[in-house]
Protein chains: 2
Amino acid sequence: MAISTTETHYFIQGRIWIDSDKGPFLGFGRIQLLKKIREYGSISQAAKSMEMSYRQAWQLIESINLKAPQPLVIKTTGGKGGGGALVTEAGENMIATYEALDQAFLEFLEMKSKELKL
Amino acid sequence: MAISTTETHYFIQGRIWIDSDKGPFLGFGRIQLLKKIREYGSISQAAKSMEMSYRQAWQLIESINLKAPQPLVIKTTGGKGGGGALVTEAGENMIATYEALDQAFLEFLEMKSKELKL
DNA sequence: CATCGCTATGCTTGAAAATGAATAACGAAA
DNA sequence: TTTCGTTATTCATTTTCAAGCATAGCGATG
């Protein structure tokens, strides 16, 4: 049977993040940034690859490190290549934790979207 | 046993909303507005009670009605009291649908917050 | 000790969004 | 036909926020 193309379709969307009592901690964008830093070994390269300003990327990392139990990114200045940034093991664990959470959330959204009857 | 007060605490937060292929449809703020309109019978009164500009409130209702299968709010101009707005039965159903969804989402957040080990 | 690219930071611009003021239109009821 | 408070709409203004520029500091390596 054909489905009418004039009908509006609906779906459920959302965002999820981790807050701390010090303020916003980790969301989708920050995790994406962490992964890019892991990939490139530098904040500036990561920012460029995401079409984000270096300034903003740096601030995000600063904010993350301030709220994390231990630093998630270690930054080095000067030296060979001018320095760089690398994701710590605590950072890796955080990425994994967030991605598991996000996956569960996606499944929740999908389930609720299917249940949705307007 | 005492718990250290210097430790940072974390919790999961999020937002959830209903989108349509015509664009954003219903979120927390719009539902809140619908409920205020139901309470006051007028967009302007509802807006005032939420400290929202009438202009924005009117635009939100316009956007909602355009995307809904049937109008959720009926607006009348002129007449006794100058007119007003009322929430249709379809609107009532939409409020109920969203609130059930939001409740389930809150439970999801709570569950995941408890599971959270950083 | 000169080079290099990155971190670190302040300052200036600019664009986008929300606000508020102002006003027309409306129509039931007195 | 006058009144009233609301809907409906435009416009200039303000506020908010991000982007971009500009530049100093750093230190391993050659």
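The chains referred to below are lettered A, B, ... by the order of the sequence lines, with proteins before strands, and numbering in each begins at 1.
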Closest to the A:Y54 side chain, choosing from C:dT9, D:dT6, C:dA28: C:dT9
Distance, rounded to the nearest Å, where B:K48 contributes NZ and D:dG5 contributes C1': 10 Å
Ring centroid separation A:F105 to A:F28 under 6.0 Å: no
Any B:W58 side-chain N or O less than 4.0 Å from OP1/OP2 of D:dA8: yes
Under 4.0 angstrom between A:T76 side-chain N/O and D:dG27 OP1 or OP2: no
Touch class at under 4.0 angstrom, heavy-atom based, for A:E62 against every strand present: nothing
Distance in angstrom units between A:I61 CD1 and C:dT9 C1', rounded: 17 Å
B:L86 CG - D:dT6 C1' separation (whole Å): 14 Å
B:A85 vs A:M52, nearer the 5' end of DNA chain D by closest nucleotide: B:A85
Proximity to the side chain of A:K75 - top-ranked nucleotide from C:dC6, C:dA8, D:dT29: C:dA8
B:S49/B:E39 under side chain to side chain contact (heavy atoms under 4.5 Å, CB included): CA gap, chis, key distance, verdict: CA-CA 10 Å; B:S49 80; B:E39 182 178 353; over 6 Å; no
Within one Ile-Leu-Val-Met-Phe-Trp-Tyr cluster: B:L109 and B:F11, side-chain cutoff 4.5 Å: no
Gap between atoms OH and P, on B:Y40 and D:dG5 respectively (whole Å): 18 Å
Value in whole Å for how far the C1' atom of C:dT19 lies from CD of B:E51: 14 Å
Nucleotide C:dA17, atom C1' - distance to CD of B:Q59 in whole Å: 11 Å
Heavy-atom donor-acceptor pair, B:R55 side-chain to D:dT7 base, under 3.5 Å: no
Interatomic distance, A:Q56 CD vs C:dG10 P [rounded to whole Å]: 17 Å
Ionic contact status for B:E62 with B:K75, cut-off 4.0 Å: yes
Salt bridge flag under 4.0 Å for residues A:E99 and A:K35: yes
Whole-Å gap separating P (D:dA28) and NZ (A:K80): 13 Å
Candidates D:dT29, D:dT7, D:dT6 - which lies nearest the side chain of B:Q45: D:dT6
B:S53 side-chain N/O to C:dT19 phosphate OP1/OP2 under 4.0 Å: yes
Side chain B:T77 and base C:dG27 donor-acceptor under 3.5 Å: no
